[in-house]
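Letters A, B, ... mirror the listed sequences (proteins, then strands); counts begin at 1.
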Amino acid sequence: MSNELKLYNSLSREKETFQPLKEGYVGMYVCGPTVYYDAHLGNCRTFISFDVIYRYLTHLGYRVRYVRNITDVGHLLDDGEDRMLKGARLEQLEPMEVAQKYTVGFHEMMRIFNVLPPSIEPRATGHIPEQIEMVQDILKNGYAYEVNGSVYFDTLKFMQQTGLYGTLSGRNVEELMAESRDNLKNQSEKRHPADFAIWMKASPEHIMRWRSPWSEGFPGWHLECSAMSTKYLGAEFDLHGGGNDLKFPHHENEVAQNFGSCQCKGARYWMHTNMLLLNGKKMSKSDGNTISPHELIAGDSAHVTKGYSPMVVRFFMLQTHYRSTLDLTDEALQAADKGFRRLMDGHKTLQSLQALPDAQPGALDAELLELMAGVADEMNDDFNTPKALARIFELVSRINALKGGQLSLDQVAPDTLDRLKQLFQEFIFGIFGLQNDDAADGDDGTLDGLMQLIIDIRAEARTRKDWGTSDKIRDALKALSLQLKDGKEGTSWGREV
RNA sequence: GGUCGCGUGGCCGAGUGGCUAGGCAAAGGUCUGCAAAACCUUGUACAGCGGUUCGAAUCCGCUCGCGACCUCCA
């Protein structure tokens, strides 16, 4: 396998070799949340996926500027009411108070799932001038028109003149163009159903409003991503990501706006994560088929039999490729729980292995090296985390066998063992972003010391063949969900799942 | 209705023409004072039907089932 990075580009619908615009640097934009409601697990999956991608690109040595926005204005509901305004009315809060509340909640959730903060996290409301400028540019280029203080993107004209519309989302342009004005219903300001607002005149009761050359109003939903990606990453940049459900119309319109404003191509590679399903259906706030991250962690939901730690959930998600749908079920989570524990135990065991200086590297050494190389190879193939994890689990088997004595360390070169330790550290924690739950308990080492004492006392009892005492200790610990593992080299312990 | 995608062993989930994915569960064995843990072994899996091919889970066609997008959604 080659060590060049390949990724699936939604634009071409093919895996392509990744070639950044500027060697050594990557500009990456991911559509962030709309902060008018609590983040749900689907959001988490997408941001965890891109977190791993961000981490891996960094691992490869790229200097990555990762921009992930916060949308706090412009997102319209079916009835045309601004989402921020809706939230404000329901809870009697200022719109920015709503945005702030859910932004904080979102950040907290990202922290819980160990998602790294992006390099820049721009807010739509903080970039009104940039958006107004973009509307002006689009108007100047003739791809928009003003009606009663609102400005609409002239999608029909754009389609006819550039032929660029629909490429990303695979729309049938003929069909889009064929739609008549009859489909417009009450939104009669638009000339064509495919047109979309880039500036909206605010109705009298609308709270969020800014002055513009056309009216006091607010920017259209799709505009902020075009404006902010251009501002921070340039007119053309490397990667743009987001959930699959944003492909149309959001991303398609983004591309149109970029080109319509400056003939800019925008992102060269588009990446889309697939949906998280619950009981075989898409998780969605609107139809109630949902479980919140808090509920999942606490086990406070009819969908799960117990709570799952954030790291188990993260691991669960990494066991599926980002472009596949993932069906969340209690059974699958239980399997992930145990698998995650096995991975963590394997890592712990590995770090305890001591190399033999006079080892004679043989077939085992070669096998380890091959498996290790495979981990990176899989990641280079469109960030295939499930396959990379499969390679790591194969390594875990070897590690356990080395510990258990079924395989011998005198066949492993000290350098190979060192590299293996380093690889586990880098991939499990640095790239997959997993954390050991035990460490997250706030354990300061007291427990470990206590356990060591108990293990020593039990070992003494065992040398006396005092099985009663030995078993009493073992059973009592088991009742506390602490498991003793007797091995050739002594006894170790861990938490039971 | 239109567009796109999916259907893999008990469960989850990789895999795109020949070569063991992996995790969980299950069975047998090794180890153990007994266990557990660990290790080893074990699954005639690719929705159905037909076709292409020396060879298909993988390509083509049809059928059935499911999902996503088309409207707010990561």
Cation-pi between R68(A) and F47(A): NZ/CZ under 6.0 Å from ring centre and within 45° of the ring axis?
-> yes

Detail all sub-3.5 Å separations between protein N/O atoms and N/O atoms belonging to nucleotides 35-37 of chain B.
from   : atom 1 : to      : atom 2 : distance (Å)
A35(B) : N6     : D486(A) : OD2    : 2.8
A35(B) : N1     : D486(A) : OD2    : 3.2
A35(B) : N3     : R474(A) : NE     : 3.3
A35(B) : N3     : R474(A) : NH1    : 3.4
A35(B) : N3     : R474(A) : NH2    : 3.1
A36(B) : O2'    : Q483(A) : NE2    : 2.7
A36(B) : N1     : D486(A) : N      : 3.3
A36(B) : N1     : D486(A) : O      : 3.0

Test R458(A) against every option in T463(A), D471(A), D486(A), T469(A) by the side-chain hydrogen bond (donor to acceptor under 3.5 Å, both in side chains) rule and name the one that passes.
-> D486(A)

Considering only atom P, compute the distance from U3(B) to U44(B) and round it to an integer number of Å.
-> 42 Å

Would you say the side-chain atoms of Q319(A) and T385(A) include a donor-acceptor pair closer than 3.5 Å?
-> no

Considering only atom P, compute the distance from A57(B) to C49(B) and round it to an integer number of Å.
-> 13 Å

Looking at residues at least two apart in the chain, or sitting in another chain, which of them share a ring-ring contact (aromatic ring centres under 6.0 Å, His included) with F340(A)?
-> F315(A)

What does D345(A) touch in the nucleic acid at a heavy-atom separation under 4.0 angstrom: a base, only the sugar-phosphate, or nothing?
-> nothing

Contact state string [nucleotides 17-31 of chain B, B base, S sugar-phosphate only, - no protein heavy atom under 4.0 Å] | ----BSBSS------

Does a distance-only test, which skips hydrogens and angles, find a donor-acceptor pair under 3.5 Å between the side chain of S324(A) and the base of G13(B)?
-> no

What class does the angle between the rings of H272(A) and H251(A) fall in, given that below 30° is parallel, 30 to 60° is tilted and above 60° is perpendicular?
-> tilted

Base, sugar-phosphate alone, or nothing: which one does H250(A) contact when heavy atoms must sit under 4.0 Å apart?
-> nothing

Side chains of P310(A) and Q435(A): closer than 4.5 Å at any heavy-atom pair?
-> no

How would you label the contact of G404(A) with the nucleic acid (heavy atoms, under 4.0 Å): base, sugar-phosphate, or nothing?
-> nothing

Distance check: side-chain N/O of N384(A) vs OP1/OP2 of G15(B), anything under 4.0 Å?
-> yes

Using only side-chain N and O atoms of N244(A), determine if any of them is under 4.0 Å from OP1 or OP2 of A68(B).
-> no

Which residues, if any, of residues 366-376 of chain A bring a heavy atom under 4.0 Å of RNA chain B?
-> none

Write down the distance separating the P atoms in G50(B) and G43(B), rounded off to the nearest Å.
-> 28 Å

Please answer whether G33(B) and W467(A) are stacked, defined here as ring centres separated by less than 5.5 Å and planes angled under 30°.
-> yes

Sugar-phosphate only, base, or nothing, as touched by K403(A) at under 4.0 Å among non-hydrogen atoms = nothing

Runs of at least three consecutive pairs that involve RNA chain B, where pairs are Watson-Crick or G-U with distances under 3.5 Å = B:1-7 with B:64-70, B:10-12 with B:22-24, B:26-30 with B:38-42, B:47-51 with B:59-63

Could you tell me whether L333(A) contacts a base, only the sugar-phosphate backbone, or nothing, with contacts defined as non-hydrogen atoms closer than 4.0 Å?
-> nothing

Taking salt bridge (Lys or Arg N to Asp or Glu O under 4.0 Å) as the test, write out the residues that go with K421(A), two or more places apart.
-> none

Working to the nearest 0.5 Å, report the span between CD1 of I198(A) and CD of Q257(A).
-> 6.5 Å

Separation of the P atoms in G18(B) and A36(B), to the nearest angstrom | 41 Å

